[in-house]
Novice: 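My questions will all concern the structure given below.
Residue numbers run from 1 in the order of the sequence given.
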Amino acid sequence: MSTATLFDQRYEKRKRELLGRILERLRSCYSAEELAALRIDRVNPAILSQRSGRGFVNRDILETVLGNLLECVAPGSHNALEAGHPVGDFSASIAEVADQLYAMVAQSHLAVGADEDLEDRALAAAYSVLWELVELKQRAQWNRFASLKDPAVWDAYLRRACGLGEADLAELDFAAHIDSAIALRDQACYQEFLDGLPGEGVFGYQMQLVTSTYPGWRVLFYHDVAHALTRSGPLDGDPRLHRDPVPLLPRAISELGGRYYQADIHPETRIGDANFLDHPHRGLTTGQTGVIGSGCHFYPCTLGGLTRRLYRRHPEIGDFVFIGTDADLFGPVRVGDHSVIGPSVEIYGLVETGPRCRVSASVVIGTVRAGGAMPGRILLGSDVTIGDGTILENRLESDLAIPDHADIPARSLVVNDGFGRPKFVSR
């Protein structure tokens, strides 16, 4: 590669070949309205192509790149260019994003002194992200749709337009219809529900409200891009591209997400789609080995680790899980599908819940190391309910099992009886 520019003749040749395959794949997933709304901010190629040496990527340019990628998955959602600004055709727009993303990846490799085969590795990583724009666009759309679970999407403007009063809205179980649509992967379920209400254009207005003003889906999109840059192996659908993890850049993207929205999501966390981050600007933390399913609803919470050892040390969250404000889950905790974790709950250590468990507010569940002995697990069966303020603790080496459908009263203190069964202790 040339020492003067990242955009040498070899790059331009490879770019034409790869871009053609990308454009062929992408065209069908954009409507005419989306193409008309797409606005891509340009970066001066003379600045973009400069090799950074041992420095790091230009964060201003990175913000532009991320904004342009947001435009690619939700045209019209981020860039509002001035009147008279030339609007490029779709091919030119994707080519511009390709140059920007390639330069950011290449600069990241240069920053760690990894110059060997730089062009090939940077091309593979950058064009893999562009190849996956189809999936990234779908994920962003489902994350926006999941945000409709927020009752606030029925704002004053919409209520007035539909002629709906507070009593009318109180009768609507709209969140259940949204969950059904997510489970079936068919948004028409929710739209059919809306068709029975007064007023027109409700769905379109709510989606516009979320797209324009809600931060959660943007945080998750940043994570999707960062996560894509941590992956390795042949590309699904095009094995001619083989990508490797990119240094530095994934963390830089997650840090920008934290700066904008106070959501600290590690780029290696595995996250499904159709998730709603409610008020993420109050703080949301996930860790490197964490796993989050689909259809979840999270208020500000911490999904953290308890050790510095290199194994699974962060929570694994199932599908359609609700986690309330200021809940703290630490360590290899597993939360079953359709469970509810209430506000100010603390769960730590070797804890697993079955599906449909309900942990009420201010509950503490944890395993405690006694002396040098490793404690057994706490295993909650399916459909277990734990009342407010309960403490559930296991200090013994045997597992503590809470049977299916158990209902533990509020403010109980429960320990292991020595045989793996729950023992209620006076407080």
Novice: Would you say CG of D168 has more than 12 non-hydrogen atoms from neighbouring residues, nucleotides or ligands within 6.0 angstrom?
Specialist: yes

Novice: Is any side-chain heavy atom of Y30 closer than 4.5 Å to a side-chain heavy atom of C72?
Specialist: yes

Novice: Quick one: pull up CD1 in I292 and CG in D273 and give me the separation to the nearest 0.5 Å.
Specialist: 12.5 Å

Novice: Show me, pair by pair, the donor-acceptor contacts under 3.5 angstrom made by side chains of residues 383-392, not counting sequence neighbours?
Specialist:
residue, atom, partner, partner atom, Å
D383, OD1, R356, NE, 2.8
D383, OD2, R356, NE, 3.4
D383, OD2, R356, NH2, 3.1
D388, OD1, A361, N, 3.0
T390, OG1, G387, O, 3.1
T390, OG1, P409, O, 3.0
T390, OG1, R411, N, 3.4
T390, OG1, S412, N, 3.3

Novice: How are the rings of Y261 and Y222 set relative to one another: parallel (under 30°), tilted (30 to 60°) or perpendicular (over 60°)?
Specialist: perpendicular

Novice: State whether the side chain of D41 and the backbone N or O of T64 hold a donor-acceptor pair below 3.5 Å, judged by distance alone.
Specialist: no

Novice: Calculate, to the nearest 0.5 Å, the distance between atoms CG and NE2 belonging to N275 and H223 respectively.
Specialist: 10.0 Å

Novice: According to side-chain hydrogen bond (donor to acceptor under 3.5 Å, both in side chains), who are the partners of N68, at least two apart in sequence or on a separate chain?
Specialist: N79, Q100

Novice: Determine yes or no for a side-chain-to-main-chain donor-acceptor pair under 3.5 angstrom, with D399 supplying the side chain and R377 the backbone.
Specialist: yes

Novice: For residues V335 and C357, determine if any side-chain heavy atom of one lies less than 4.5 Å from a side-chain heavy atom of the other.
Specialist: no

Novice: Locate the shortest heavy-atom distance separating S77 from R218; write the atom from each residue and the value.
Specialist: O-NH2, 2.8 Å

Novice: With a 4.5 Å limit on heavy-atom distance, are the side chains of E63 and R259 in contact?
Specialist: yes

Novice: Has the side chain of S344 got a donor or acceptor atom that lies under 3.5 Å from a matching backbone atom of D326?
Specialist: no

Novice: Can you label the angle between the F7 ring and the Y11 ring as parallel, tilted or perpendicular, going by 30° and 60°?
Specialist: parallel

Novice: Looking at A188, is its backbone amide N or carbonyl O close enough to the side chain of D186 to form a donor-acceptor pair, meaning the two atoms are under 3.5 Å apart?
Specialist: yes

Novice: Rounded at 0.5 Å granularity, tell me how far CG in L220 sits from NE2 in H227.
Specialist: 12.5 Å

Novice: To the nearest 0.5 Å, tell me how far F276 CZ sits from D150 CG.
Specialist: 4.0 Å

Novice: Step through the shown structure and confirm whether more than 12 heavy atoms of other residues, nucleotides or ligands are within 6.0 Å of CD on E166.
Specialist: no

Novice: Which word best sums up how the rings of H297 and Y299 line up, parallel for under 30°, tilted for 30 to 60°, or perpendicular for over 60°?
Specialist: parallel

Novice: Taking atom CD1 of I341 and atom CD1 of I323, what is their separation to the nearest 0.5 Å?
Specialist: 6.0 Å

Novice: Would you say CZ of R27 has more than 12 non-hydrogen atoms from neighbouring residues, nucleotides or ligands within 6.0 angstrom?
Specialist: yes

Novice: Quick one: list whatever passes side chain to side chain contact (heavy atoms under 4.5 Å, CB included) with S254, sequence neighbours left out.
Specialist: R251, P267

Novice: Do E346 side-chain atoms and V363 backbone N/O form a donor-acceptor pair below 3.5 Å?
Specialist: no

Novice: With R282, which residues qualify under side-chain hydrogen bond (donor to acceptor under 3.5 Å, both in side chains), at least two apart?
Specialist: none

Novice: With side-chain contact (heavy atoms from CB on, under 4.5 Å) as the criterion, how do L209 and L158 come out once you've worked through the C-alpha distance, each side chain's angles and the decisive distance to 0.1 Å?
Specialist: CA-CA 10 Å; L209 177 64; L158 187 58; over 6 Å; no

Novice: Given F203 and Q187, is the side-chain contact (heavy atoms from CB on, under 4.5 Å) satisfied, shown in steps?
Specialist: CA-CA 10 Å; F203 181 73; Q187 296 179 14; 3.5 Å; yes

Novice: Do L303 and H314 have side chains that get closer than 4.5 Å, going by heavy atoms?
Specialist: no

Novice: In terms of ring plane angle, is the pair H338 and F320 parallel, tilted or perpendicular, where the classes change at 30° and 60°?
Specialist: parallel

Novice: According to salt bridge (Lys or Arg N to Asp or Glu O under 4.0 Å), who are the partners of D179, at least two apart in sequence or on a separate chain?
Specialist: K149

Novice: Salt bridge or not for E255 and R59, using N-O below 4.0 Å?
Specialist: no

Novice: Answer yes or no: is there a donor N or O on one side and an acceptor on the other, between the side chain of R144 and the main chain of W217, under 3.5 Å?
Specialist: no

Novice: Indicate yes or no: at least one non-hydrogen side-chain atom of L194 is less than 4.5 angstrom from one of F174.
Specialist: no

Novice: Side chains of R313 and T307: donor-acceptor distance under 3.5 Å anywhere?
Specialist: no

Novice: In terms of side-chain heavy atoms, does S294 have a donor or acceptor partner in R139 at a distance below 3.5 Å?
Specialist: no

Novice: Going from CD on E393 to CD1 on I365, what distance comes out if it is rounded to the nearest 0.5 angstrom?
Specialist: 11.5 Å

Novice: Decide, yes or no, whether a salt bridge links R39 with E96 under the criterion of side-chain N to carboxylate O below 4.0 Å.
Specialist: no

Novice: Sequence neighbours excluded, which residues qualify as side-chain hydrogen bond (donor to acceptor under 3.5 Å, both in side chains) partners of E17?
Specialist: R21

